[in-house]
Number of protein chains: 2
Amino acid sequence: MTESLTGSLNVCVVGGTGAEGSGLAMRWARAGHRVTIGSRDAAKAAAAATELNQKLGKPLICGAASDEAVAGADVVVLTVPYAGQMATATGLKDALAGKILIDVTVPLVPPKVSRVQLPEADSCCVALQAALGENVKVVSAFQNVSAHKLKDPDKTIECDVLVTGDDKEARAVAIRLAGDAGLRGIDAGPLANSVVAEALTSVLIFINRTYKVPDAGIRITGIDQPKAE
Amino acid sequence: MTESLTGSLNVCVVGGTGAEGSGLAMRWARAGHRVTIGSRDAAKAAAAATELNQKLGKPLICGAASDEAVAGADVVVLTVPYAGQMATATGLKDALAGKILIDVTVPLVPPKVSRVQLPEADSCCVALQAALGENVKVVSAFQNVSAHKLKDPDKTIECDVLVTGDDKEARAVAIRLAGDAGLRGIDAGPLANSVVAEALTSVLIFINRTYKVPDAGIRITGIDQPKAE
């Protein structure tokens, strides 16, 4: 792995004002990473950072305009609603050059969010990689983790993170960040496999409704000692 | 649920000469269901049944030509390779009328079986339902269960079964049969959600190779007490 991607990372969470993004941001900040919330509106990003720092009891998280935050990051995490995914990421294309982009987007199509409705390219992460080009290493992860549980940084979450992407080293970084957020990242292969994690969210929503539970998740069984590099 | 679908069922396993089908057949026979192996070649079906009965130590399973076996069944289970799925099932269309068809098919496209390659209709079970029409209740299940573990009827299997289909009662029958095979069936919604289970098999194959384990599987977390009907 590249030297710069070991140790403490500069992580920019674009969309860190939402539940999923802010939960991840807090967990990574507590794990020792330098976390910046990126938003189109710098003031909104700063306000979100202040709020998270209050929850953490320490000034660990910064806020900045997205392009600036992305430029200073080793790893960028995209946690915006599906409707904004493509425009937000392509708008940051230049700043993203050479970086790892972890896309958390779930292509839900309301109102039938418990029914799988695949996007045209089958996977919205595959579509994003195509739009951004080879210069950005898109990794898909965190689609199946309950935002509700993430936002309490002390909560133990019983859910594995399927990590897919066409660059093995980039997948390894996402797997490490999953671990630092208190989750188990699983190397799930090429970005084409992202469709499973994206579509699984609709299945989990169906299960939540049918079994009347708040946060169904998944575990991969049969790999007690993950040995992937 | 229809009265005829409680108690002991007449289950026909088409493709019961393969590893997945024969494992399920043995487990259901031991659970008290009347199981018939169906094959285009009646003699081959009878030979497969004899072999399974020897493993079971009791003459519980019969063999018959597929059309005959299907005609006498309450529930038909299709466990043939993807290449034979459509032709086998549509060839039995008349015999399948009014019945539940549990399709176990995984649309793997060799040689890249650890990479998701969705079929044209996204899900091969959705394609089959369209081909068979409303008169057959197609349910998708068992795609993620290791055939290797199934074939030993005493083996405990750490894997849930995602059950999808457009008929709730038919899903309930498949969930019950999963339980009778020693697995936990999970109501995972409409047949459109089958793509998750179908594609997940490629992810599990990738995980088996990457983590050097024989039988990765999945568990749904957060639903300790399934309450779906």
Side-chain angles (χ1 to χ4, degrees), chain A residues 112 114-119 121-123 126 144-146 149 157-160 162-164 166 168 171 175 186-229, chain B residues 112-119 121-123 126 144 146 149 157-160 162-164 166 168 171 175 186-229:
Chain A
K112 291 196 172 175
S114 68
R115 182 190 188 87
V116 174
Q117 299 173 80
L118 297 182
D122 294 339
S123 151
V126 167
N144 307 312
V145 182
S146 150
K149 283 198 174 168
I157 302 180
E158 259 215 85
C159 188
D160 286 340
L162 298 176
V163 175
T164 56
D166 290 335
K168 192 179 174 181
R171 293 201 303 267
I175 289 168
I186 302 280
D187 188 349
L191 200 60
N193 292 0
S194 173
V195 61
V196 172
E198 294 176 34
L200 185 57
T201 300
S202 288
V203 168
L204 294 175
I205 292 170
F206 183 91
I207 290 171
N208 284 342
R209 291 177 182 175
T210 302
Y211 292 85
K212 298 180 175 52
V213 296
D215 300 306
I218 60 147
R219 278 269 188 234
I220 298 297
T221 60
I223 47 160
D224 297 325
Q225 298 284 337
K227 287 185 191 73
E229 281 154 30
Chain B
K112 292 196 172 176
V113 295
S114 67
R115 182 189 187 88
V116 174
Q117 299 172 83
L118 296 182
D122 295 337
S123 150
V126 167
N144 307 312
S146 150
K149 283 199 172 166
I157 302 179
E158 259 216 85
C159 188
D160 287 340
L162 297 177
V163 175
T164 56
D166 291 334
K168 192 179 174 183
R171 294 202 302 268
I175 290 168
I186 303 279
D187 188 350
L191 200 60
N193 291 359
S194 175
V195 61
V196 173
E198 294 175 35
L200 186 58
T201 300
S202 288
V203 168
L204 294 175
I205 293 170
F206 183 91
I207 290 171
N208 284 341
R209 291 178 182 174
T210 302
Y211 292 83
K212 298 181 175 52
V213 295
D215 300 306
I218 60 147
R219 278 270 188 231
I220 298 297
T221 59
I223 47 159
D224 297 325
Q225 298 283 334
K227 286 185 189 73
E229 279 155 32

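Chain letters run A, B, ... following the sequence lines, proteins first and then strands; every chain starts at 1.
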### Task
Assess whether side chain to side chain contact (heavy atoms under 4.5 Å, CB included) is satisfied between B:D224 and A:V213, documenting all intermediate values.
CA-CA 9 Å; B:D224 297 325; A:V213 296; over 6 Å; no
### Query
Can you name the residues that form a side-chain hydrogen bond (donor to acceptor under 3.5 Å, both in side chains) with B:R219, not counting sequence neighbours?
B:D160
### Query
Of all residues at least two apart in sequence or in a different chain, which pass the side-chain hydrogen bond (donor to acceptor under 3.5 Å, both in side chains) check with B:N144?
B:T201
### Query
Any idea which of A:A192, A:P214, A:S202 has the most non-hydrogen atom pairs under 4.5 angstrom with chain B?
A:A192
### Summary
A:K149 and A:D215 have their tightest heavy-atom pair at CE-OD2, 3.4 Å
### Query
Quick one: what part of A:L118 sits under 4.5 Å from any heavy atom of chain B, side chain, backbone, both or neither?
side chain
### Message
Under the criterion side chain to side chain contact (heavy atoms under 4.5 Å, CB included), I'd like the reasoning laid out for B:I218 against A:T221: C-alpha separation, chi angles, the key distance, then a yes or no.
### Response
CA-CA 5 Å; B:I218 60 147; A:T221 60; 5.9 Å; no
### Message
Which one wins on heavy-atom pair count under 4.5 Å against chain B: A:L162, A:T164, A:V196, A:V195?
### Response
A:V196
#### Entry: Proximity breakdown for A:N193 and chain B, heavy-atom pairs closer than 4.5 Å
both
### Query
If you tally heavy-atom pairs under 4.5 Å against chain A, which of B:S114, B:A197, B:A199, B:G189 wins?
B:G189
